[in-house]
Structures are given as structure tokens and as C-alpha cells.
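Below is one structure, written out as C-alpha cells; the observations come after it.
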Protein chains: 2
Amino acid sequence: MSLVETDDVESGESISLHQRILSDIREKILSGAWAPGHRIPFEHELTAEYKCSRMTVNKALSQLAKAGLIERRRRSGSFVRQPQSQAAVLELHDIRIEVEALGLPYRYERLKRMKRRSSAEDRSRLGLPAPGPVLWLEGLHFAGERPFALEQRLINLSAVAGAAEEEFFEIAPGPWLIGRVPWSEAEHRIRAVAADESIADALDIDPGAPCLVVERRTWSAEHPVTHVRFVYPAESHTLVARFTPSQG
Amino acid sequence: MSLVETDDVESGESISLHQRILSDIREKILSGAWAPGHRIPFEHELTAEYKCSRMTVNKALSQLAKAGLIERRRRSGSFVRQPQSQAAVLELHDIRIEVEALGLPYRYERLKRMKRRSSAEDRSRLGLPAPGPVLWLEGLHFAGERPFALEQRLINLSAVAGAAEEEFFEIAPGPWLIGRVPWSEAEHRIRAVAADESIADALDIDPGAPCLVVERRTWSAEHPVTHVRFVYPAESHTLVARFTPSQG
DNA sequence: ATGACGATTATGTATATACATATCGGGACG
DNA sequence: CGTCCCGATATGTATATACATAATCGTCAT
């Protein structure tokens with residue numbers, strides 16, 4: 001699938017009109033200019049603005065609706081959706097809930113925070129086609145006094161308005177993002193590793209001890225949003241996921 | 001999690017025509033009736049078959065293309081795509097396919113096989129309410145000459161009749177079961193462990209080396225079918241799973 | 001053979017039009 | 001005052017049509 005997205009307006013690129021409309025609106029939503037609940041212009045208004053037929057506008061809006069960014073209601077119009085709080089991934093990765101389910105007090109502590117222009121490695125991790133501003137975060141999730149998980153996160157600042165101003169001192173970026181950015185797709189990579197020096201140090205375990213590493217990339221309407229890596233000490237964690245076959 | 005957006009409402013008769021076309025074709029592809037590489041009918045042929053305009057057919061095919069199920073080429077037609085390797089890894093977990101995707105020859109070798117009346121531990125692993133016959137299997141999956149994964153499996157014989165007569169000498173029980181028992185639900189537990197003596201021995205790695213352990217329980221119409229534990233050496237494997245939020 | 005080139009073909013995008021459908025609001029009526 | 005119904009309105013789906021674009025095929029000339 002194509003991550004070809006064009007937020008740049010310059011240079012007569014040969015993207016189709018309905019894609020440009022879609023991309024314009026997505027930009028408004030992801031930048032925060034149109035908040036959740038905001039009513040998007042009616043089809044006939046966009047028709048006038050872009051000087052095209054309703055079918056063309058409709059195509060763009062239908063795709064945004066399918067991507068989950070907007071919600072369409074007959075007779076009322078189209079609205080920016082509330083970000084979905086999600087069961088599927090939540091089940092996997094709301095660490096606070098997992099910790100509290102163990103009956104232990106939860107705490108998040110920021111280790112590092114750096115705003116920078118994306119390096120080549122950043123772009124490859126996020127799946128970004130072009131350079132842009134990103135936010136790098138590192139933090140620790142605690143269960144009681146013990147480190148429960150190490151988090152290393154990269155946020156695509158051009159997709160998440162407002163993240164640049166957030167300090168994330170004691171607020172974990174995961175819940176913060178879920179409350180603000182609707183996600184349309186997520187990819188998980190799960191593997192086991194031996195703890196290296198820095199991981200062992202952060203998690204207070206022995207170097208070489210087995211750890212579970214969960215990496216997640218998240219997209220919103222084909223826009224990369226964030227890449228996060230969780231490192232769990234082996235004893236502390238089991239992931240559970242339930243599936244029902246997709247009736248295809 | 002889905003390969004294609006499953007926004008179909010099924011039971012209702014009020015599905016739009018382009019959705020019915022889309023769903024018909026998806027059915028043919030996912031059922032295997034149209035193998036990868038197969039050329040699906042031209043738009044003008046589908047136009048005739050469904051007695052509708054080309055735009056309607058085009059809408060269905062465009063969505064299938066965006067979902068990644070088919071690939072469209074001007075002048076040539078539309079073709080069923082090669083299965084996207086990672087989409088259903090967690091769901092199916094067919095090790096042969098994973099190994100062959102690496103370009104390595106695959107082989108399965110049985111280590112142990114025992115038919116017995118379920119012990120208390122067996123019942124707890126399978127989620128069985130009452131004692132009954134079970135089959136215990138242990139085997140090794142090879143990628144080339146190297147062990148790729150250790151498999152320990154419990155099959156509920158009262159749910160899977162023919163399994164008792166199968167030797168599983170070089171046939172892995174996973175694919176065998178999938179071909180015979182439709183599953184309606186699966187639960188995965190994923191964690192990292194340090195290899196103990198017997199695991200290290202079977203996988204030919206050092207004791208204490210990190211391993212990824214994936215356990216799966218499967219049900220068919222509320223009947224426990226099988227419990228399986230895969231143990232992967234850390235370097236050999238990354239699980240990949242893609243999710244799309246279910247929009248309620 | 002081989003390479004150039006135009007005709008053919010299937011898809012890609014956009015248009016104008018039409019009617020269906022859900023729903024909000026307001027007016028008629030009990 | 002509440003309820004039912006009806007018209008207005010935005011979206012949902014489908015049609016016929018048009019032209020653009022990319023790729024393939026056959027033909028013809030070198």
C-alpha cells in the first residue's frame with residue numbers, strides 16, 4: 001500500500017483531485033485545526049471550493065470515513081470523529097491498567113526527551129517518506145518500586161499537533177496519544193532479546209536476562225503517527241491476545 | 001484484525017451492489033478458488049455479469065486494490081496478489097510458510113507422541129471440564145539444518161476424531177488440524193523465557209539464552225481443540241501482527 | 001532478427017444527472 | 001402540550017459518458 005502522501009502544495013504533482021481534497025482535510029484534522037466534533041464543510045460547499053463535481057468530493061469524504069477519521073450523518077453533515085479508545089490494542093498495551101490489575105501502584109517517569117529533525121533511522125522506524133520534525137521519548141513504567149517496562153518512543157510531530165508542547169514528565173505518551181489521535185492501523189512486532197547493558201540498567205535486571213520486546217507502529221489514515229518499543233523483563237509479563245477468524 | 005475492511009453487514013439484504021461485488025470477489029480469493037496470480041474478470045465482464053455500470057465495478061475493484069487483495073495493471077487486467085506474508089502471522093502461525101519465506105528448506109520432525117487420558121494439568125491447559133482422551137505431541141521445525149522452533153502440543157481427541165490414528169511423523173499437527181477443524185476462536189499468550197536445559201538441547205542453543213514462547217489455545221464452536229506451545233530461539237523470530245480498529 | 005511506432009485495450013479519474021434514504025425541524029391536529 | 005406527518009436537506013448509490021494514461025500487441029521498416 002502506498003504511503004505516498006503529499007502535504008506539500010508546491011510543484012504540479014500529478015495526484016488526483018479527490019486525493020488532494022482528502023489530504024487537505026486530513027491535514028486539518030491531524031493538525032488540530034479541526035477538533036473532534038467539528039463539522040466538516042458540506043459536500044456542496046467543497047464542490048464550490050474545489051470547483052469539481054460532488055462525486056469527486058464524495059469519494060474523498062467516503063475514504064476518510066472508512067479510514068475512521070470522520071463520521072458522516074445524513075442530513076447533518078460530516079464530523080471529525082472522537083479518537084477511538086481501542087479495545088484490541090488497549091488489551092495489549094495499556095500498561096497502567098496492566099499494572100493496576102496486579103494490585104500494584106503505577107507510576108511513569110520520563111528519562112529522556114528530545115525534539116529533532118528525523119534521522120534516516122527515525123524515518124525508517126516510522127515509515128516516513130520525507131524528513132520532518134519528530135519527538136524522541138524514553139521513559140520507565142513502574143509497578144510499585146520495581147521497573148515494569150522500558151519505553152522508547154518516536155512521535156511524528158507533523159501528524160500529532162500539540163505533542164511538541166507536552167513535557168511527558170509523568171504522563172505516559174501512550175494514553176496521551178490515544179486520547180488525541182484516532183488510529184486506523186497498527187503493526188506489532190514481538191520478539192525476545194537478551195538485555196544489553198543499558199536495558200539491564202534501566203530495568204534493574206542482569207545483563208543477558210531474557211526480555212520481551214514489543215514494537216508498535218501506528219498509522220492514522222495512512223499517516224505514520226508513532227513508533228514505540230516496550231521492553232519487559234521476562235518474568236514480569238505475558239501478552240494475551242484473543243482472535244476470532246475473520247469471516248472472509 | 002482484518003485483511004480487508006470488514007464493513008459488510010452480511011445478513012441484511014440492503015448491501016450496496018459494489019459491496020456485493022467486492023464481497024463476492026473477496027470470497028473467491030480468500031477461499032482459494034482464485035489463487036494468487038489468477039486474473040480476475042475485466043471490468044467490462046463484471047459489468048455484464050452484474051448488469052451494472054463500469055463505475056460500480058470499478059469502485060469494488062479499487063477498494064480491493066487498496067486493501068491489497070488484488071493488483072491492477074492497465075491494459076493487462078486485475079490479478080490476485082501474492083498473500084501478504086505478515087498479515088495473519090499471529091492468526092495462523094504456519095511455520096512452514098514462515099520458513100519458506102526465508103528461502104530455507106522446511107522440515108518437521110516428530111520427537112514424542114503419546115496418547116493418554118487427560119491429566120489435571122492437561123485439562124487446565126486445554127480448558128477441558130472433564131477427563132477424556134488427549135494426544136501429546138512434541139516435535140521440531142527445521143529451517144535448513146538448524147532447529148527453528150520447538151513445538152509441544154496437546155490435542156483434545158474427543159473434539160478431533162481422526163487425530164488418534166495419525167502418526168504425525170513428518171506432518172506437523174498444525175497444518176493437519178487447520179485442514180480438518182475449523183476454529184472459531186484462539187487465544188495467544190506470548191512471553192520471553194530463558195532456555196532451560198531441555199529447550200537448549202532441542203534447539204541447539206545455550207542454556208539461559210532468551211527464547212520467545214507463544215502458546216495458543218484454540219476452540220471450535222466452544223469446544224477446546226488444541227493447546228500448543230512454540231519455543232523460538234530469540235534471533236530466529238519476530239512475530240508480526242497488524243490490527244485495524246473495529247469501529248463500533 | 002530487431003527496433004520503432006501506432007492501434008488497441010483496460011484501467012484511472014472526473015463529469016452531470018438521477019433517485020434512494022436517513023433524519024432534522026416545523027406545522028397540523030388531537 | 002405532545003404526537004404524527006411531511007417537506008427539506010445531506011449523504012449514499014448508481015448511471016451514462018468522456019477523456020487521460022499506461023502497457024501490450026502487431027505491423028512495418030530497417
Side-chain angles (χ1 to χ4, degrees), chain A residues 1-2 4-6 11-26 29 34 37-81 222, chain B residues 5-26 29 34 37-81 247-248:
Chain A
M1 35 194 61
S2 61
V4 279
E5 297 313 338
T6 42
S11 77
E13 298 200 17
S14 57
I15 57 164
S16 54
L17 179 52
H18 72 262
Q19 282 217 341
R20 211 188 103 219
I21 300 175
L22 187 154
S23 156
D24 285 357
I25 294 174
R26 179 182 53 202
I29 295 174
W34 289 350
H38 178 267
R39 209 208 76 230
I40 281 172
F42 295 128
E43 290 189 349
H44 71 264
E45 294 174 311
L46 292 169
T47 284
E49 181 179 341
Y50 287 94
K51 299 190 202 322
C52 66
S53 74
R54 187 168 78 90
M55 282 300 295
T56 303
V57 170
N58 183 281
K59 196 167 183 176
L61 293 186
S62 300
Q63 288 189 31
L64 281 168
K66 187 174 309 177
L69 271 196
I70 69 172
E71 182 185 339
R72 313 199 71 195
R73 287 199 291 276
R74 282 170 150 134
R75 166 70 214 240
S76 309
S78 304
F79 301 83
V80 179
R81 273 183 56 132
E222 319 225 335
Chain B
E5 287 88 307
T6 57
D7 34 10
D8 35 355
V9 197
E10 291 302 329
S11 58
E13 310 120 35
S14 56
I15 330 172
S16 58
L17 180 50
H18 72 262
Q19 286 240 353
R20 211 189 100 218
I21 301 175
L22 187 155
S23 151
D24 285 358
I25 295 174
R26 181 180 52 199
I29 294 173
W34 289 351
H38 178 267
R39 209 210 77 228
I40 78 178
F42 295 127
E43 290 188 349
H44 72 263
E45 295 175 308
L46 291 168
T47 284
E49 181 180 338
Y50 287 95
K51 300 190 200 322
C52 65
S53 75
R54 187 168 80 87
M55 280 301 295
T56 303
V57 170
N58 183 282
K59 196 165 182 177
L61 294 187
S62 300
Q63 289 189 30
L64 282 167
K66 184 176 308 182
L69 270 195
I70 69 173
E71 182 185 339
R72 314 199 70 194
R73 286 199 290 276
R74 281 169 150 135
R75 167 70 214 236
S76 307
S78 305
F79 300 83
V80 178
R81 271 180 47 137
Q247 318 191 12

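Order of the sequence lines fixes the chain letters, A, B, ..., with proteins taken first and strands second; residue numbering starts at 1 for each chain. All values derive from a computational prediction rather than experimental measurement.
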**Study point:** Base D:dA8 to side chain A:Arg75, donor-acceptor N/O within 3.5 Å cut-off
**Key:**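 Such a pair exists between side chain and base.
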Please give, in whole Å, the distance from [N] [atom2] to [X] [atom1]?
X	N	atom1	atom2	answer
A:His44	D:dT11	NE2	P	8 Å
B:Phe42	D:dA23	CZ	P	16 Å
B:Glu71	C:dG12	CD	C1'	15 Å
A:Arg74	D:dT9	CZ	P	17 Å
B:Leu17	C:dC19	CG	C1'	15 Å
B:Lys59	D:dA14	NZ	P	7 Å

Practice item. Could you tell me whether the phosphate oxygens of D:dT11, OP1 or OP2, come under 4.0 Å of any side-chain nitrogen or oxygen in A:Ser78? Key: yes
Practice item. Taking only the side-chain nitrogens and oxygens of B:Ser62, find out if one of them lies under 4.0 Å from OP1 or OP2 of C:dT11. Key: no
Point to revise | Verdict with supporting geometry, B:Lys59 and B:Glu43, salt bridge (charged side-chain N to carboxylate O under 4.0 Å, His left out) | key: CA-CA 10 Å; B:Lys59 196 165 182 177; B:Glu43 290 188 349; over 6 Å; no
Review point. Starting at the 5' end of DNA chain D and moving along, which residue's nearest nucleotide shows up first, B:Lys51 or A:Arg72?
Key: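 Whichever sits nearer the 5' end wins; that is A:Arg72.
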Review point. Looking at the side chain of B:Ser16, which of D:dT13, D:dA22, D:dT15 is the nearest nucleotide?
Key: D:dT13
Review point. Would A:Thr47 and A:Arg54 count as having a side-chain donor-acceptor pair, cut-off 3.5 Å?
Key: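 There is no such pair (donor and acceptor under 3.5 Å, judged by atom type) between the side chains of A:Thr47 and A:Arg54.
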